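Fair warning: this is a prediction, and the values are worked out from it, not measured in the lab.
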Amino acid sequence: MGLPKIYEASKYESGIYKLWEKSRVFIADPNSSKPHFSMAMPPPNETGTLHVGHALFLTLQDIIARHERQRGKDVLWLPGTDHAALATNAIIEKKLAEQGTDKHTIGREEFIRQVKVFVGNSRDTINSQIRAIGASCDWSRGRYTLDDALNRLVNETFVKMYNDGLIYRGHRIVNWDPNLETTVSDDEVVYKEQKAPFYTLQYGPFKIGTARPETKFGDKYVVMHPDDKRYVRYMHGETFEADWINGKVTATIIKDEAVDPSFGTGVMTITPWHDRTDFEIAERHGLEKEQIIGFDGRLLPIAHEFAGQTIDEARPKIVKKLRHKGLLIKEEEYTHNVALNDRGKGVIEPQIKLQWFVDVNRPAVEWKGQLRSLKEVMRAVIEDGDIQIVPKRFEKIYYHWIDNLRDWCISRQIWWGHRVPVWYRHAKIKNQRSKIKNEETYVGVVPPEEQGWEQDPDTLDTWFSSALWTWSTLVDQDLAKDYSLSLEDLLAKSLDYRTYHPTDVMETGWDILFFWVARMILATTYVTGEVPFKTVYLHGLVRTEHGKKMSKSDPDSIVDPMEVIPQYGTDALRLALVAGTSAGADQRLGKAKIVANRNFANKLWNIARYIDDLRVRPVEGEENNRGRRSLRVVPVGREMMPKSVADHWILNKLSISTAVINKALDSFRFSEAYELLYHFVWDDFADWYVEASKVEPNVGMLNHVLESTLKLAHPFAPFITETIWQNMGKKSLLAAELWPEITNADKAQARQFEELKKIITEARQISVNVGVSKPWLFNKNSNLIEQNKALIERLGRLGGVETSAKLGTGVQLHSSKTPAWLAIDIKDLKRHSKKLEEQVSNQESLIKMLEGRLANKAYVARAPKKLVEETKFQLAEEKFRLETLNSELKTFEKSLT
RNA sequence: GGGCGCUUAGCUCAGUUGGCUAGAGCACCGCAUUUACACUGCGGGUGUCGGGGGUUCGAGUCCCUCAGCGCCCACCA
């Protein structure tokens with residue numbers, strides 16, 4: 001079957017993927033006797049479509065998965081999607097707003113229904129796009145974070161942690177997003193530098209600084225550092241009267257070390273309800289806390305005439321009033337960081353709220369026979385080497401994060417997600433003193449049976465369920481319906497869990513190291529007593545050609561996989577994403593890079609096409625369309641048998657490449673592996689071996705090298721390699737083939753070809769340099785040249801190759817061990833003599849350097865003996881070369897005069 | 001403020017434990033050919049390895065220091 005001249009990816013790709021899926025090669029088999037390998041796919045959010053970041057991780061993971069399969073392993077690469085609570089919720093809320101309604105109007109049930117419709121469509125889109133990238137994942141085991149079984153496991157985990165005292169409910173200061181009306185965790189808060197006015201206000205006898213006058217209504221504590229000499233006369237606990245925004249207040253003096261005496265006046269008032277530091281000061285001294293700003297972001301009645309106004313509305317008016325009252329002393333500009341919600345970019349307002357938290361400091365986790373805190377376990381698994389992070393430098397970042405970690409707020413006030421598995425019931429007798437004491441709490445995997453219980457309205461942070469991903473996806477879905485089984489039973493009885501956990505590799509972006517990787521470690525070590533994965537490979541961000549973040553506001557800068565794929569092919573995109581990248585480093589991607597890699601795919605295609613032609617077209621005895629004598633037909637599939645030196649050489653190169661690519665892939669050096677492949681295919685195979693084969697074709701050998709090359713290239717470019725494979729008439733799938741075996745080549749013969757290569761290259765260089773096309777090559781007593789006349793003539797672009805009994809005039813080839821020279825006319829030799837002079841001078845400086853090294857007694861004495869020997873040997877060689885060059889130059893000068 | 005990185009050819013980046021005259025791709029220049037492939041072939045030039053200092057027989061690589069850039073964490077009212 002003849003292959004078309006240009007590989008048009010879009011013609012083949014979807015057919016190839018269907019072939020794979022039909023064959024079930026991607027489906028894992030826990031009963032297989034092969035060694036098992038497993039990897040969980042980071043579940044994309046069900047909020048939209050795939051972007052280039054997804055394409056990157058899918059490519060890298062697919063390379064891993066395919067390579068492991070090639071190494072004879074039973075591979076499970078488990079795909080799935082994430083319900084992306086906050087993101088999805090926000091999208092639906094926005095839709096509702098556009099329709100002029102909101103979630104409160106339509107109610108919780110209707111809201112959830114609408115979300116489900118939306119994510120259902122979105123999931124299909126995403127899954128088909130994952131296929132388009134060529135991901136060899138096991139679709140039969142696809143999961144979704146809100147599957148019933150996964151939901152149960154979330155509840156099980158919550159309950160277990162609650163019972164161990166690792167989850168508690170408490171009034172704590174949280175990051176409140178008034179726009180989305182929910183709390184967010186510390187990690188979801190981002191800071192943006194902003195210029196803002198900084199006011200100095202008169203507060204009784206003190207001057208206090210603030211950027212937030214709107215929070216100051218309730219301020220009745222003045223805090224200063226205990227060692228601040230300026231304020232020694234004020235005693236801790238002392239009170240005074242001050243005229244404040246809305247009249248007189250009684251203020252109390254507090255001494256606390258949290259105050260920085262060098263900032264502003266060294267005195268501040270505190271607002272414990274809306275500031276973490278203030279909250280902590282208040283906690284230390286048992287001070288009262290009062291809410292100033294409501295959860296809707298508007299001022300409360302304490303603000304008097306400003307009540308009901310938003311901060312932006314009220315601030316200038318409050319400043320005006322302060323000025324009017326003579327309380328405003330100074331107004332200056334300063335830069336500070338404003339806290340924003342990473343999702344939606346709403347301004348964060350710290351609030352005190354009754355929320356659910358994960359206690360990271362309580363020593364309640366059994367790990368390696370010791371009771372430790374979650375923090376300690378998270379640290380230990382990396383320190384002990386149970387988990388390796390690639391690249392290693394992220395370990396430091398990880399430790400740093402752990403050391404600063406506070407309790408994790410896991411409850412969210414949104415409706416889409418895993419509902420907090422807690423129910424409350426109000427006692428009938430009301431006790432005036434405390435409301436909470438009269439509220440019964442039930443925490444359980446299933447709702448309580450009695451009447452009167454009401455479930456906590458909150459849902460859990462998305463990352464709480466994602467944290468279970470490596471094992472919650474492996475629990476048997478049917479068994480999970482049986483509530484008589486405990487969590488331990490479920491794990492013990494799930495074959496997939498037993499076979500595939502811990503997973504081998506977690507491949508993801510460094511930007512979710514804390515959000516996800518750390519939380520998987522936290523939850524998984526706690527629940528299962530196992531690490532979730534053995535190795536974490538972190539990739540970088542894909543940036544624009546100019547190094548900027550791709551953003552929707554600049555659509556031209558975005559590389560959209562779904563546009564690139566039909567135009568250049570999936571393989572081109574995949575190769576571009578792998579080329580020139582290293583672990584943890586961001587990369588730049590633009591059209592040029594994709595084109596360059598498309599060219600590589602095309603190279604592969606054309607090698608196949610050439611070999612295909614040889615196999616099919618020439619018929620014995622006939623002349624082909626090039627007027628050359630036809631090539632002998634060699635039946636396809638015949639054992640490869642190296643005959644020529646070129647055959648041995650390419651076999652040797654193939655062996656080496658197979659080994660080094662394998663090694664690079666083993667250590668996650670994807671880019672390096674690809675580079676090795678690239679040079680093998682383009683330089684060795686196409687430019688030398690295929691060219692050499694035009695002189696002396698060995699179709700069996702060409703076939704063998706092509707097949708092996710396809711296997712090597714398959715993890716990187718699965719579609720084109722499989723397409724070629726299928727076109728070769730194979731009955732099997734390339735995706736199911738094993739990594740090529742290393743064949744031993746005759747090294748001596750391989751070296752002979754290496755020598756021929758040098759001779760050919762030198763001949764080409766000289767021809768170009770002297771500007772003569774097709775010169776003749778003469779040699780004296782060279783068996784190698786004599787035996788490979790046709791090869792040298794063709795590849796060296798020579799007029800002919802002849803033996804000569806005596807030396808003739810021309811340019812000597814240094815690469816030949818026996819005398820060989822290109823016959824060049826005297827008039828053309830001038831150009832070469834200049835080149836020779838250059839070479840002589842280079843040679844001289846090289847010799848000088850080597851001599852210098854050997855003259856250094858310390859070097860000779862202390863450097864390894866082998867190295868010194870090598871230097872000596874090299875010096876002798878270089879000296880000999882210089883002599884040759886010099887004598888040649890002399891001959892030239894003679895003949896030119 | 002604390003921490004982690006980066007700085008190598010015009011551009012994008014490799015350079016693994018210190019060891020031959022520092023590499024690749026792209027770009028650029030010259031030449032060739034209608035060849036499996038112009039999505040091609042052949043040939044070519046380019047570096048004070050950010051500056052300074054140190055350790056060493058030997059430093060792009062290790063240590064110190066300075067400068068510039070980037071990122072992460074914390075956060076000052």
To the side chain of [X], which of [options] is closest?
{"X": "D613(A)", "options": "A77(B), A36(B), G19(B)", "answer": "A36(B)"}
{"X": "Y334(A)", "options": "C20(B), A77(B), G43(B)", "answer": "A77(B)"}
{"X": "R393(A)", "options": "C37(B), G5(B), A24(B)", "answer": "G5(B)"}
{"X": "N606(A)", "options": "C37(B), C72(B), A32(B)", "answer": "C37(B)"}
{"X": "F263(A)", "options": "C75(B), A77(B), C42(B)", "answer": "A77(B)"}
{"X": "D687(A)", "options": "C20(B), G41(B), C75(B)", "answer": "G41(B)"}
{"X": "Q765(A)", "options": "U40(B), G44(B), G19(B)", "answer": "G44(B)"}
{"X": "I607(A)", "options": "A74(B), A36(B), C26(B)", "answer": "A36(B)"}
{"X": "N599(A)", "options": "G25(B), U40(B), A77(B)", "answer": "U40(B)"}

Just how far, in rounded Å, is [atom2] of [N] from [atom1] of [X]?
{"X": "R543(A)", "N": "G70(B)", "atom1": "CZ", "atom2": "P", "answer": "11 Å"}
{"X": "H400(A)", "N": "G2(B)", "atom1": "NE2", "atom2": "P", "answer": "11 Å"}
{"X": "W401(A)", "N": "G5(B)", "atom1": "CH2", "atom2": "P", "answer": "19 Å"}
{"X": "R276(A)", "N": "A74(B)", "atom1": "CZ", "atom2": "C1'", "answer": "11 Å"}
{"X": "Y203(A)", "N": "A77(B)", "atom1": "OH", "atom2": "C1'", "answer": "13 Å"}

Closer than 4.0 Å, any side-chain N/O of [X] to the OP1 or OP2 of [N]?
{"X": "Y7(A)", "N": "C39(B)", "answer": "no"}
{"X": "R598(A)", "N": "C39(B)", "answer": "no"}
{"X": "Y199(A)", "N": "A77(B)", "answer": "no"}
{"X": "S262(A)", "N": "C76(B)", "answer": "no"}
{"X": "K603(A)", "N": "A36(B)", "answer": "no"}
{"X": "W682(A)", "N": "G41(B)", "answer": "yes"}
{"X": "K396(A)", "N": "G3(B)", "answer": "no"}

Under 4.0 Å, heavy atoms only, any strand: does [X] hit a base, just the sugar-phosphate, or nothing?
{"X": "V690(A)", "answer": "base"}
{"X": "S671(A)", "answer": "nothing"}
{"X": "D275(A)", "answer": "sugar-phosphate"}
{"X": "E691(A)", "answer": "base"}
{"X": "I6(A)", "answer": "base"}
{"X": "L867(A)", "answer": "base"}
{"X": "K593(A)", "answer": "nothing"}
{"X": "V595(A)", "answer": "nothing"}

Does [X] have its ring centroid less than 6.0 Å away from the ring centroid of [Y]?
{"X": "W244(A)", "Y": "Y203(A)", "answer": "yes"}
{"X": "F716(A)", "Y": "F670(A)", "answer": "no"}
{"X": "Y334(A)", "Y": "H336(A)", "answer": "yes"}
{"X": "Y678(A)", "Y": "F600(A)", "answer": "yes"}
{"X": "W682(A)", "Y": "Y674(A)", "answer": "no"}

- Members of residues 206-222 of chain A that approach RNA chain B, where some heavy atom sits under 4.0 Å away: G209(A), T210(A), A211(A), K216(A)

Could you check which nucleotide pairs with [N] in any of the strands shown, counting Watson-Crick or G-U wobble with both distances under 3.5 Å?
{"N": "G5(B)", "result": "C69(B)"}
{"N": "G43(B)", "result": "C29(B)"}
{"N": "U55(B)", "result": "none"}
{"N": "U17(B)", "result": "none"}

- Note on the structure: Closest heavy-atom pair, G540(A) versus L56(A), reported as atoms and distance to 0.1 Å, is O-CD2, 3.5 Å

Judged by modelled atom types alone, do [X] and [Y] share a side-chain donor-acceptor pair under 3.5 Å?
{"X": "K593(A)", "Y": "Q587(A)", "value": "yes"}
{"X": "D256(A)", "Y": "H285(A)", "value": "yes"}
{"X": "W401(A)", "Y": "D187(A)", "value": "yes"}

- Query: Are any non-hydrogen side-chain atoms of I208(A) and Y199(A) less than 4.5 angstrom apart?
  - Reply: no

- Would you say the side chain of K549(A) lies within less than 4.5 Å of the side chain of L541(A), judging by non-hydrogen atoms? yes

- Query: Checking only heavy atoms, does the side chain of N602(A) share a donor-acceptor pair with the base of C37(B) at less than 3.5 Å?
  - Reply: no

- Message: What I want to check is whether an N or O donor and acceptor connect the side chain of K694(A) with the base of A36(B) at under 3.5 Å.
- Response: yes

- Message: Do the side chains of E878(A) and R881(A) get close enough for a salt bridge, i.e. N-O under 4.0 angstrom?
- Response: no

What protein N or O atoms touch nucleotides 13-15 of chain B N or O atoms at under 3.5 angstrom, if any, and at what distances?
unit_1: A14(B); atom_1: OP1; unit_2: S582(A); atom_2: OG; d: 3.1

